[in-house]
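Here is the structure we will look at.
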Amino acid sequence: MRRSFSEQCLAFLAPWLSAAAMLLTPAIAAMAQDAQPVTTPAATHVATGNDGSKRITLPIHIDGKGPFNFVVDTGAERTVISRELAIRLALVADAPVKINSITGISQVNTVMIPRLSYGHGEMPAVQAPVLDADNLGAAGLLGLDGLESKRLVIDFRKQKMEISDSREPVFKDPGAIIVRARRRFGQLILVDSQANGEKIQVILDTGTDQSIGNLALLRKLTRKRKIDGLRPVELTSVTGDTMVGGWNVIEQVRIGGINVQKLAVVFTDISPFHQLGLDDKPALLLGMDVLRRFDRVAVDFGNKRVHFLLPDGVETDLGVRLASR
């Protein structure tokens, strides 16, 4: 029987993706040292910036020096610093650790950051993995260890960000659509989500500018003839490693009460899907290509929900609209 073009693409990618999967089989290694949580006595308001790929950056001070632009990365397990900045600040080397990137688990060197701060927020004694600035695309990454039990409000229109404690009074954003989530390994997985009518798991990742679907999602959409053939593409992780995937457009992604139209998605089984136990469940990593379509996004890790505020005219301008119930 003749195979569809999508099935042929899957066969083409299989040797690459199977090899990557074998490398990702071992369980995620335990952290060598848990970073201490951020202490925020009050909401921290900071101006944000953009890196070359339009990810959100935050001005960070290290032991009083700076500011240095770190990418706010809700897809990263822990805070990372660039090798160049660590050398410049003469930070003390610490024990190597294993980190999880899109291409798998790697052992990397670390340094000890005596104190990392942004606005009124502070992380004391951070053991930070060290990676090349060219691969990070910034001076560093602020990961989930700096966001646990926090509420992160990103205002794209005003280019501002607020970081506060989730235990503070309930966050209200008039007109925003609230999507509930569940937590797994610090990540928020959005519930009530679909891709072309098929149920999916959605993970927010402010550290990537491209949305990524796993092969379980591709298989389901291909089997039900809800997506056309793929076009090969190469992905590069923060460690500099690469892997092959294929991309195409999903006509409609529904997240709670929001419909995102014509979303370009790269399909491949990246390591975070393995870590979250989503190998066999259709899943989508939602990147900045989607989040920037909104005026404001509030990610509340402590209360397990995300608020999306749509701008005016979204149906015609940005391919986003309210879902019909």
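Linking Ile, Leu, Val, Met, Phe, Trp and Tyr residues whenever their side-chain heavy atoms come within less than 4.5 Å leaves Val202 and Val191 in two separate clusters. Cluster membership for Ile177 and Leu190, using ILVMFWY side-chain heavy atoms within less than 4.5 angstrom, is shared. In the hydrophobic clustering of ILVMFWY residues, with side-chain heavy atoms under 4.5 Å counting as a link, Val92 and Ile87 come out apart. Hydrophobic clustering, with ILVMFWY side chains joined whenever heavy atoms are under 4.5 angstrom apart, groups Leu285 together with Leu235. Residues Met161 and Leu309 are members of separate hydrophobic clusters, defined by side-chain heavy-atom contacts under 4.5 angstrom among Ile, Leu, Val, Met, Phe, Trp and Tyr.
Here the shortest heavy-atom pairing between Leu131 and Val80 reads CD1-CG1, 3.9 Å. Nearest heavy atoms, Glu84 versus Ala133: OE1-N, 3.1 Å. Shortest non-hydrogen contact noted between Asn214 and Leu217 is OD1-N, 3.0 Å. What you find for Lys150 and Asp165 is that their closest heavy atoms are CD-CA, 4.1 Å. Nearest heavy-atom pair across Gly143 and Thr79 is N-OG1, 3.3 Å. When every heavy atom of Val130 is checked against every heavy atom of Ser82, the shortest pair comes out as CG1-C, 4.2 Å.
You'll find the side chain of Val111 reaches within 4.5 Å of the side chain of Ile81, heavy atoms only. Looking only at side-chain heavy atoms (C-beta outward), Phe185 and Leu276 come within less than 4.5 Å of each other. Inter-residue side-chain proximity for Phe267 and Thr222 is flagged as unmet; no heavy-atom pair is nearer than 4.5 Å. Counting heavy atoms from C-beta outward, Ile56 and Arg292 have side chains that approach closer than 4.5 Å. Using a 4.5 Å heavy-atom cutoff, the side chains of Ile60 and Asn69 are not in contact. Residues Asp63 and Ile113 have side chains not in contact (no heavy-atom distance under 4.5 Å, counting atoms from C-beta outward). The shortest distance between side-chain heavy atoms of Asp205 and Leu286 does not fall below 4.5 Å. A 4.5 Å side-chain heavy-atom check between Met243 and Thr268 finds at least one atom pair inside the cut-off.
The line from CG of Leu136 to CZ of Arg83 is 9.5 Å long, rounded to the nearest 0.5 Å.
Residues forming a side-chain contact (heavy atoms from CB on, under 4.5 Å) with Leu144 (at least two apart in sequence, or on another chain): Gln187, Phe301. Annotation: salt bridge (charged side-chain N to carboxylate O under 4.0 Å, His left out) contacts of Lys65 (sequence neighbours excluded): none. For Asn109, the side chain to side chain donor-acceptor pair (under 3.5 Å) criterion is met by no residue, not counting sequence neighbours. Listed by chain and residue number, Phe294 satisfy the ring pair (Phe, Tyr, Trp, His ring centres under 6.0 Å) test with Phe308 (two or more places apart in sequence, or in another chain). Qualifying salt bridge (charged side-chain N to carboxylate O under 4.0 Å, His left out) partners for Glu251, counting only residues two or more places apart in sequence or in other chains: Lys262. Under the side-chain contact (heavy atoms from CB on, under 4.5 Å) criterion, Ala93 pairs with no residue at all, not counting sequence neighbours. Partners of Arg184 by salt bridge (charged side-chain N to carboxylate O under 4.0 Å, His left out), not counting sequence neighbours: none found. Residues satisfying the side chain to side chain donor-acceptor pair (under 3.5 Å) test with Ser211, not counting sequence neighbours, are Asp289. Legend: residues meeting side-chain contact (heavy atoms from CB on, under 4.5 Å) with Thr206, ordered by chain and number and at least two apart, are Val72, Thr74, Ile154, Met288, Leu291. Evaluation of the side chain to side chain donor-acceptor pair (under 3.5 Å) rule for Arg182 yields Gln201 as partners, not counting sequence neighbours. Partners of Lys304 by side-chain contact (heavy atoms from CB on, under 4.5 Å), not counting sequence neighbours, listed by chain and number: Arg183, Leu188. Among residues two or more places apart in sequence or in another chain, the side chain to side chain donor-acceptor pair (under 3.5 Å) test is passed with Ser166 by Asp300.
Side-chain atoms of Gln107 do not come within 3.5 Å of backbone N or O of Lys98 as any donor-acceptor pair. With hydrogens and angles ignored, the 3.5 Å screen pairs a side-chain donor or acceptor of Gln159 with a backbone N or O of Phe156. Put simply, the side chain of Asp94 never gets that close to the backbone of Thr110: no donor and acceptor are under 3.5 Å apart. Between the side chain of Thr208 and the backbone N or O of Gln210, at least one donor-acceptor pair lies under 3.5 Å. A donor-acceptor pair under 3.5 Å links the side-chain atoms of Arg78 to the main chain of Gln127, judged by distance alone.
Just one residue in the list Asp279, Ile212, Leu215 forms a side-chain contact (heavy atoms from CB on, under 4.5 Å) with Phe273, and that residue is Ile212.
For Lys160 and Asp155, the salt-bridge test fails: no basic side-chain N is under 4.0 Å from an acidic carboxylate O.
Open room surrounds CG on Asp280; 12 or fewer heavy atoms of other groups in view lie less than 6.0 Å from it.
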